[in-house]
Amino acid sequence: MYKTQISNHSYCFESLRDLLAKASPLRSGDVLAGVCASSYEERIAAQLALSNVPLKNFLNEVVIDYDKDDITRLIIDTHDKEAFATISHLTVGGFRDWLLSTEVTNEIILQTNKGITPEMAAAVSKIMSLQDLILVAQKIEVVSKFRTTVGLKGRFSTRLQPNHPNDDNKGIMASILDGLLYGCGDAVIGINPVSDSEEIAISILSMLEELRLKFEIPMQSCVLSHYSLTKSIANRAPVDLLFQSIAGTQKANESFGVYLNDLAEAQEAILALKRNPNSNQVFYFETGQGTALSANAHAMIDQQTCEARAYAVARKFNPFLVNSVVGFIGPEYLFNGKQIIRAGLEDHFCGKLLGLPMGVDVCYTNHADCDQDDMDNLSTLLAAANCNFMMAVPGSDDIMLQYQSTSYNDAAYLRKVFNKKVAPEFERWLEKMGIQNKNGELAFANEEIKKLLNHLS
Amino acid sequence: MSLEKSNSSLQRNELKKFTTARVGLSTSGVSLSTEEVLAFRLAHARAVDAVWVEWNATSIQEKLKSRGAKSTIIESTATSRLQYVQNPLLGCELNGQSIEIVKAIKNENAISIILADGLSPKAVEEQGCELITALLDELRSIGNQINPIFICRNGRVAIGDQLGEITKCKIAIVIIGERPGLTTHQSLGMYITANPSLQSTNADRNCISNIHQEGLSIAQASNECKMLIQKMLKHNLSGYRLNQLPD
């Protein structure tokens, strides 16, 4: 039981789970789940109570029973007591102050992160302002490596997302070539296939492999199929990355056919291909607030805490990329631009704090109360927070998934405004190809580019 | 597939020939030109409008009747579009009156087809009847009896589970308006579940999505649906576990 007294009113919160939910800034998914505070004052009362909770409590009081949920077991069993020692004396409020203090550097946070549980990260984020979320996240540098190096300070990468409504290879390639001319695709070129077909996944991966080898592009590719499909084609296709959507409860993961043991087996199968020359990172995970609730598997945990718990799964598998697809799920979970913007910054912060190479799909659907102005806001704020990567979709319009994300132009805008560069290996390739010059200015047309475009003609 | 070669030289703005994606857009600096920005805003405005159209289920019923398909109109517990959009759980449950209608059609081993407005009532109005006709043609060879089409107002995919629970049907096919994108508001999705019941989850469904003129054709989608159902009947399961079995 947790309590706060405000004037004559005493607020009680029956458990840590209840306290976390009621302290969460307002969002439609928590209203839908019936777990949010019933007034603004109750919300702040919960934040006050939460700020006084010692971090140690999070190790004794879990939000879903240890016996009932494999993610709880993962969190508790892999908690690093030695790393935790640095912060074990702090409350949630003290943890916020600690994170913001100038003495706490990237190095210290990286040394501590195995001692931080997802619930601790979620808790502290709930009492942080947007500028806190940006200020702390921007000092954390999580670097991951495949053929390119993603997440270095001063760098900003993109997942080129050239989806096509009937998986047409030429259509996909047209979007890829246009994206490359904007310097996009240094995190991954990743296609969401329409079909569940193995043959189509193999065909797309083979086409990307041909492009990579022909133009010697430092890039990695991915078809975002269920991991069981990717595993089953591993011997017949050039598979760089293993994709999977994950959520923060065992039940939610099971509803997508995701089992931790199977993920580990699939990881072994992809690692055995030895296609990553620079690390053993082969996973690309996607997450998003509201996922567990949408599967009716949230166990009365608020959606932001559930989201942070998904990062425990990601962390176990040492991923190359993790991406919160923040506005994709719809207005039932994040109603408007204001809620999407806060959620995007929370996810990026929590992911980085837990040591993940975080990107964000800054996006919205046509039934949300949101438009391009909100996306400009969130992408600019995330770039200020040193977000590792965002999506790059032609003209912001994903014609297969039917939603709007960041565009090739947005990526170029962010690099320009924040004076950031693409991944170093990719930067060298862009210069060699004449796509951009030493100052990072894009050419769009010249003799070298003609050769690239003629790949399609 | 390998890409064929020729000697002609391609300009960036000609990439449009290969895809409906917004490639080769005109720019000023690294930003989009005024024309492109305003074209995008217009497309977004239209998509937003498509979500909120009031649906005429009776006119769909008449259209199906003229194509020789019997149907019945049912509703979820969401009483308005706003409620439907804000609370997805309401769209997954039949209202009391509809439960009674469905109970009367209890029919074990049959195939149930549910046509739901989803997030694009306009898509179902414009393409739904044609897809149903093509699908009925394909399913004829399977042999299982097919229930009258359930036209469902304010329905979500999971409403097929409750309908399956009540009718005890073998297969539920939910055909639903997908949320409108900027290039089309006409896209339909098909979600197919074997032995549908309230215990079914997303992992138990097979999905055929993106059915519209520039996407998967109605003929392809209906054929794919038939083949999936044949596989489901053979193995008596659907979804993730079915995908792991060879075709």
Side-chain angles (χ1 to χ4, degrees), chain A residues 28 32 162-166 168-175 177-178 181-182 194 196 203 206-207 210 226 228-229 232 254-257 294-295 330-332 335 365-367 371-372 394-404 407 409 412-413 416 442 444-445 449-450 453-457, chain B residues 1-3 5-12 14-25 27 29-32 36-37 40-41 43-44 47-48 50-51 85-89 119 178-184 187 201-203 206-210 212 214-216 220 239-241 243-244:
Chain A
S28 48
L32 187 63
N163 296 337
H164 190 276
N166 41 19
D168 178 74
N169 277 10
K170 282 200 167 190
I172 291 169
M173 186 54 74
S175 292
L177 295 180
D178 200 28
L181 297 192
Y182 280 93
V194 178
D196 289 340
S203 160
S206 306
M207 169 178 76
E210 189 192 329
H226 194 274
S228 59
L229 187 147
S232 85
E254 285 176 0
S255 87
F256 313 138
S294 75
E332 316 88 284
F335 185 71
T365 60
N366 289 320
H367 62 315
D371 62 23
Q372 290 298 103
S396 289
D397 175 12
D398 189 309
I399 55 172
M400 196 290 268
L401 292 172
Q402 312 272 19
Y403 78 122
Q404 284 84 252
S407 67
N409 306 82
Y413 145 79
K416 202 171 178 120
L442 297 167
F444 288 122
I449 286 174
K450 235 182 231 171
L453 286 175
N454 279 344
H455 184 56
L456 194 54
S457 62
Chain B
M1 188 190 84
S2 175
L3 301 163
K5 307 283 185 318
S6 80
N7 293 325
S8 69
S9 173
L10 192 72
Q11 301 294 314
R12 187 175 151 262
E14 291 176 284
L15 292 170
K16 288 179 188 187
K17 289 193 292 196
F18 302 95
T19 175
T20 51
R22 291 168 194 260
V23 294
L25 301 182
T27 56
V30 298
S31 306
L32 293 175
E36 302 287 6
V37 168
F40 181 96
R41 281 194 198 160
H44 178 241
V48 171
V51 176
V85 166
Q86 287 183 331
N87 190 339
L89 300 176
L119 284 170
E178 292 181 335
R179 70 179 159 216
L182 300 190
T183 36
T184 182
S187 188
T201 69
N202 289 333
N206 290 81
C207 172
I208 302 170
S209 60
N210 233 40
H212 60 93
E214 282 91 38
L216 193 66
Q220 285 172 302
Y240 158 75
R241 287 184 177 78
N243 289 341
Q244 295 192 312

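Below, chain A is the first sequence line, B the second, and so on; all start at residue 1.
The ring pair (Phe, Tyr, Trp, His ring centres under 6.0 Å) test applied to B:F18 returns no partner, not counting sequence neighbours. For B:E36, the salt bridge (Lys or Arg N to Asp or Glu O under 4.0 Å) test picks out no residue, with sequence neighbours left out.
For A:N366 against B:H44, the heavy-atom pair with the smallest separation is OD1-CD2, 3.0 Å. Taking each heavy atom of A:S228 and B:Q244 in turn, the nearest pair found is CB-NE2, 3.6 Å. For A:Q402 against B:G181, the heavy-atom pair with the smallest separation is OE1-CA, 2.9 Å. Of all the heavy atoms in B:V85 and A:E332, the pair that sits closest is O-CG, 2.9 Å. Residue A:P394 comes nearest to B:V23 through the heavy atom pair CB-CG1, 3.9 Å, listed as atom of the first residue, atom of the second, then distance.
Interface residue A:Q404: only side-chain heavy atoms are found under 4.5 Å from chain B. Contacts of A:S255 with chain B are made by both backbone and side-chain atoms, with heavy-atom separations under 4.5 Å. Both the backbone and the side chain of B:N202 come within contact range of chain A, each with at least one heavy atom under 4.5 Å from a heavy atom of that chain. Heavy atoms closer than 4.5 Å to chain B are found in both the backbone and the side chain of A:H367. Proximity to chain A involves both the backbone and the side chain of B:T184, based on heavy atoms less than 4.5 angstrom apart.
When each of B:G29, B:C207, B:G215, B:A43 is scored by its heavy-atom pairs under 4.5 Å with chain A, the top score falls to B:G215. When each of A:A412, A:A295, A:G257, A:A445 is checked for heavy-atom pairs under 4.5 Å with chain B, A:G257 comes out on top. Contact count against chain B (heavy-atom pairs under 4.5 Å) is highest for A:N409 among A:N409, A:L181, A:L442. No other option in B:V37, B:L89, B:N206, B:T183 has as many heavy-atom pairs under 4.5 Å with chain A as B:T183. Looking only at heavy-atom pairs under 4.5 Å with chain B, the residue among A:G395, A:S396, A:S407 that has the most is A:G395.
The shortest side-chain heavy-atom distance between B:L216 and A:V194 does not fall under the 4.5 Å cut-off. Between B:N210 and A:M400 there is a side-chain heavy-atom pair separated by less than 4.5 Å. Side-chain contact check for A:H164 versus B:T19: some heavy-atom pair is nearer than 4.5 Å. Two residues are said to be in side-chain contact when any heavy atoms from C-beta on lie closer than 4.5 Å; B:S31 and A:Y413 fail this criterion. B:P88 has its side chain within reach of A:L32: a pair of non-hydrogen atoms, C-beta onward, lies under 4.5 Å apart.
Distance NZ/B:K17 to NZ/A:K170: 9.0 Å, rounded to 0.5 Å. The distance from atom CD1 of A:I399 to atom OG of B:S187, rounded to the nearest 0.5 Å, is 11.5 Å. Distance CG/A:N166 to NE2/B:H212: 8.0 Å, rounded to 0.5 Å. Atom CG of B:L15 sits about 8.0 Å away from atom OG of A:S175, to the nearest 0.5 Å. To the nearest 0.5 Å, the span separating CZ on A:F444 from OG1 on B:T27 amounts to 5.0 Å. Residue B:R179 holds its CZ atom at 9.0 Å from OH of A:Y403, rounded to the nearest 0.5 Å.
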- Task: Take A:K416 and B:V30, measure what side chain to side chain contact (heavy atoms under 4.5 Å, CB included) needs, and give me the verdict at the end.
- Result: CA-CA 9 Å; A:K416 202 171 178 120; B:V30 298; 4.2 Å; yes
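With A:D178 contributing its side chain and B:G24 its backbone, the two residues share a donor-acceptor pair below 3.5 Å.
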